Amino acid sequence: MKKTAPLSIRALAAATTGVAGALAAGLVAAPVAAQDLLRGETVLERPRPEVEQLGMRAGSFLVMPRLEAGATYDSNVFATERNTRDDIIAVIRPELDVRSNWNRHALNLSAYGELGRYRDHSRLNYDDYRLVLDGRADVWRENTLEGRLFHRRSHEGAGDVDTQLDPTLTVGVVEPVVYRVSGGELAYTQHFNRVRARLSGLASYYDYDDAKLAGGRTSPEDDRNRWSYGTALRVGYSFSEGYEGFVQGAYTWTRYDDSTKYGGIDRDSKGYDIGAGVAADLTGLITGEAFVGYLRREFDSAALGDVDGLAFGGRLNWAVTELTAVTGTVSRHVRETRAAQGARSASSYTRTVYALGVDHELLRTVMLNGRLQYRTDDFNGIDRFDEVYTAGVGATYQVNRYLYVTGGYTFETRESDTAAGYDDNLFFLRLGAQL
């Protein structure tokens with residue numbers, strides 16, 4: 001069960017570059033000369049045609065299967081401050097990517113699953129998966145229409161903002177709360193000489209299973225089922241070589257099926273955010289962007305206070321050398337919650353995340369990884385403020401083109417003025433196979 005996403009090197013490499021598995025192969029005694037980086041590339045993205053995953057041809061598509069299996073040791077499976085309990089979790093991760101190989105347009109399918117089985121606490125077992133179908137239509141030379149359909153099953157468990165599992169089997173929720181998210185996104189990008197504009201729309205539906213309580217009882221969670229909609233526009237102007245100034249805005253609204261069904265509060269809301277920033281590409285070695293602006297969320301119920309404040313975000317990719325890459329991200333979002341404090345209920349919480357990562361190619365077959373993250377959850381309407389610190393290191397050794405071993409360690413701690421704090425240590429080791 002995940003408190004936050006474990007900082008495994010392969011998972012983070014996939015999230016950063018979109019090309020998990022393109023690691024070096026064949027152990028050598030010393031580093032070899034690195035291939036020169038192309039503009040905008042990092043050490044994780046650099047092609048390694050002699051060792052990278054080949055996949056299987058199926059007409060004009062490339063089919064790329066992958067399977068990881070291993071174990072994770074968790075020192076605090078219930079994310080408690082005292083009387084912690086540890087366990088070993090067997091983890092299996094099947095993955096399948098299908099990518100088109102066309103001169104124009106694109107169509108891709110991604111399927112991913114994660115099955116976790118606990119040795120001593122089987123009630124924490126989980127079966128998560130994700131399906132994504134995305135495509136791109138090259139309407140004109142520099143104008144594209146992109147679409148994406150997605151469906152995923154996930155769970156809330158130990159340390160989650162809205163669900164604290166009960167380790168005693170006497171009160172509260174005793175198993176992870178399962179939920180599903182389905183939806184789609186459509187975006188159109190238009191170029192006008194130095195001007196680039198992107199208009200997008202998104203709709204997603206959240207569907208929660210009943211929570212399982214002590215004594216075999218259940219608690220309905222369907223009052224959390226909701227639709228979330230959003231539309232966004234970004235317009236950028238390239239005012240100099242490698243620099244683009246942009247303005248952006250988004251409007252979102254959330255509609256619950258019936259959040260008052262069991263005596264709750266009407267949680268329907270709408271909101272917007274606006275901002276301006278700069279994107280830069282300095283000779284391809286340093287790329288990134290940063291923006292600052294204003295956000296506001298308004299709730300239909302007078303019992304829930306509206307939210308407004310500073311909006312900001314950014315990302316950085318820095319190819320320090322041909323063997324070392326540094327990445328950084330900053331983000332702030334308003335998120336749904338049902339957290340309460342006495343008679344007061346939080347309208348939402350504002351999550352701010354600062355993350356820094358380093359990837360280093362030690363040998364052609366060995367990739368090293370380090371991650372630091374600081375996260376705050378500021379609850380709107382109640383007196384609660386959480387801070388979560390996460391640090392992790394990892395490594396991947398590519399045995400050959402078809403086999404690899406990955407492992408690492410993550411430490412996480414939460415400090416809160418009202419909720420339970422915790423410390424947790426995660427060690428993982430997995431063997432992967434790919435075609």
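In this chain, numbering begins with 1 at the start of the sequence shown. Computed from a predicted structure; not experimentally measured.
In this structure, OH in Tyr397 is found 13.5 Å from OG1 in Thr406, a value given to the nearest 0.5 Å.
Taking the charged nitrogens against the carboxylate oxygens, Asp222 and Arg224 have no contact shorter than 4.0 Å, which rules out a salt bridge. The pair Arg371-Asp359 counts as a salt bridge, with a side-chain nitrogen and a carboxylate oxygen less than 4.0 angstrom apart. One finds no salt bridge joining Asp223 and Lys261 here, because no Lys/Arg side-chain nitrogen approaches an Asp/Glu carboxylate oxygen to under 4.0 Å. For the pair Glu146 and Arg136, the salt-bridge criterion is not met [side-chain N within less than 4.0 Å of a carboxylate O].
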Go through the steps to decide whether Asp281 and Thr287 satisfy the test side chain to side chain donor-acceptor pair (under 3.5 Å), and finish with yes or no. CA-CA 4 Å; Asp281 181 350; Thr287 60; 5.9 Å; no
Between Lys212 and Asp210, is a salt bridge (Lys or Arg N to Asp or Glu O under 4.0 Å) present by the stated rule, with each step listed? CA-CA 6 Å; Lys212 297 184 179 180; Asp210 291 347; over 6 Å; no
Please report the C-alpha distance between Glu156 and Tyr179 in whole Å, then the side-chain angles of each, then the deciding distance to 0.1 Å, and finally whether the side chain to side chain contact (heavy atoms under 4.5 Å, CB included) criterion is met. CA-CA 8 Å; Glu156 295 176 340; Tyr179 66 96; 3.9 Å; yes
Take Asp257 and Arg226, measure what salt bridge (Lys or Arg N to Asp or Glu O under 4.0 Å) needs, and give me the verdict at the end. CA-CA 6 Å; Asp257 289 355; Arg226 62 187 183 270; over 6 Å; no
Run Asp386 and Arg375 through salt bridge (Lys or Arg N to Asp or Glu O under 4.0 Å) and show every step you take. CA-CA 8 Å; Asp386 295 355; Arg375 187 188 84 213; over 6 Å; no
Residue pair Glu114, Tyr112: steps toward the side chain to side chain donor-acceptor pair (under 3.5 Å) verdict: CA-CA 7 Å; Glu114 180 172 318; Tyr112 170 84; 3.1 Å; yes
Please evaluate residues Arg93 and Glu95 with respect to the criterion salt bridge (Lys or Arg N to Asp or Glu O under 4.0 Å), reporting the C-alpha separation (whole Å), side-chain torsions for both, the decisive distance (0.1 Å), and the verdict. CA-CA 6 Å; Arg93 291 181 169 181; Glu95 186 175 353; over 6 Å; no
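Pairs of residues two or more places apart, or lying in two chains, that qualify as ring-ring contact (aromatic ring centres under 6.0 Å, His included) and include a residue from residues 248-295 are Tyr229-Trp253, Tyr251-Trp253. Screening residues 325-351 for salt bridge (Lys or Arg N to Asp or Glu O under 4.0 Å) gives Glu221-Arg338, Arg297-Glu336, Arg344-Asp383, Arg351-Asp377 as the qualifying pairs, with residues at least two apart or on separate chains.
Without hydrogens or angle criteria, Ser347 side chain to Val307 main chain gives no donor-acceptor distance under 3.5 Å. Gln248 contributes no side-chain N or O that, together with a main-chain N or O of Gly236, makes up a donor-acceptor pair within less than 3.5 Å. In this structure a side-chain-to-backbone donor-acceptor pair under 3.5 Å is present from Gln53 to Leu435. Although no hydrogens or angles enter the test, the distance criterion places no donor-acceptor pair under 3.5 Å between the side chain of Ser100 and the main chain of Trp102. Using a distance-only test at 3.5 Å, with no hydrogens or angles considered, no donor-acceptor pair links the side chain of Thr260 to the main chain of Gly263. Using modelled atom types, no side-chain atom of Asn425 and backbone atom of Phe411 make a donor-acceptor pair closer than 3.5 Å.
Figure legend: cation-pi geometry between Arg153 and Tyr129 absent, as NZ or CZ is not positioned both under 6.0 Å from the six-membered ring centre and within 45° of its axis.
Closest approach of Leu131 and Ala111 over heavy atoms only: CD2-CB, 3.6 Å.
Side chain to side chain, Asp423 and Thr413 meet the donor-acceptor criterion of an N or O pair below 3.5 Å.
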